[in-house]
Amino acid sequence: AHPQELERAIRQPWTLYVFVSTGMPHQSLVDLARDAARAHAAMVFRGFPGGAFDLQGEQRLVAQLNQECCRAQRTAPTGTGGSERLTSESVVPAWSIDPVLYHRFDVTVVPTFVIAATGGADEQSFSKVSGDMALASALKYFAQRSAIPSIRQQAVSLYQLAYGGRQ
């Protein structure tokens, strides 16, 4: 990770998690990963597929999802009279295998979306919603329905960061 990204992650008082499973449709994982990259969310698996410890298999899956979701093409000036060249730029979500987070937030179905105060696990420090929806819809839900005012405000900020106010 770049030093700026690490510093942002350390200072960020809120964390946005997207709990997923390898049993979900592949395209759903790709779409959620794309949205998670935009919103600086962490994608969280409970464990390894089939219960077997296969770190290399999980790494291959994450690399494939990152390639499909987040490979962006952009143009950059070459510095020679205004011509441009095509470059590849990737912004990918954070990925984690963490059964403790599943337990902490009582995640029983996927996808589940959680906004949590960093380090918090009590009722006043997080909100969650589950269901087959896009991350944008989960953020809108938090912004409109969370019982915690600071989470409503954070959801609006994350939505604007990720989608620029687009509906």
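By convention here, the first residue in the shown sequence is residue 1.
Residue R38 holds its CZ atom at 10.0 Å from SG of C69, rounded to the nearest 0.5 Å. Here the straight-line distance linking atom CG of L158 with atom CD of Q153 works out to 11.0 Å at 0.5 Å rounding. Between the CZ atom in F19 and the OG1 atom in T108 there is a gap of 11.5 Å [rounded to 0.5 Å]. Here the CD atom belonging to Q59 is positioned 8.5 Å from the CD1 atom belonging to I97, to the nearest 0.5 angstrom. For the atom pair R145 CZ and S127 OG, the distance stands at 13.0 Å (nearest 0.5 Å).
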Decide side chain to side chain contact (heavy atoms under 4.5 Å, CB included) for Y102 and V110; before the verdict, give the C-alpha distance in whole Å, the side-chain angles of both, and the deciding distance to 0.1 Å. CA-CA 10 Å; Y102 273 77; V110 291; 3.8 Å; yes
Working for side chain to side chain contact (heavy atoms under 4.5 Å, CB included), residues Q154 and L16: CA-CA 10 Å; Q154 182 62 17; L16 178 60; over 6 Å; no
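For I148 against S125, the heavy-atom pair with the smallest separation is CD1-N, 4.3 Å. The two residues T112 and V109 make their nearest non-hydrogen contact at OG1-O, 2.6 Å. Taking each heavy atom of F142 and A155 in turn, the nearest pair found is CB-CB, 3.5 Å. In terms of heavy-atom proximity, L32 sits nearest to L135 at CD2-N, 4.1 Å. Residues E68 and V30 come closest through the heavy atom pair OE1-CG2, 3.5 Å. Taking each heavy atom of P111 and M24 in turn, the nearest pair found is CD-CE, 4.0 Å.
The hydrophobic cluster containing V114 does not contain V156, counting ILVMFWY residues as joined when their side-chain heavy atoms lie under 4.5 angstrom apart, directly or transitively. A continuous path of ILVMFWY side-chain contacts below 4.5 Å connects Y141 to L139, so both sit in one hydrophobic cluster.
Partners of D132 under the salt bridge (charged side-chain N to carboxylate O under 4.0 Å, His left out) rule, at least two apart in sequence or in another chain, do not exist in this structure. Looking at residues two or more places apart in sequence or on another chain, you find no salt bridge (charged side-chain N to carboxylate O under 4.0 Å, His left out) involving R46.
Side-chain N or O atoms of R34 include none that pairs as donor or acceptor with a backbone N or O of C70 at under 3.5 Å. Formation of a donor-acceptor pair under 3.5 Å by the K128 side chain with backbone atoms of D106 is found in this model.
Within a 6.0 Å radius of NE2 in H103, no more than 12 heavy atoms belonging to other residues, nucleotides or ligands are found. At most 12 heavy atoms of other shown residues, nucleotides or ligands fall within 6.0 angstrom of atom CD in Q56.
When each of F113, W95, F105 is paired with Y17, the ring-ring contact (aromatic ring centres under 6.0 Å, His included) condition holds for F105 and for no other.
A 4.5 Å side-chain heavy-atom check between L29 and V20 finds at least one atom pair inside the cut-off.
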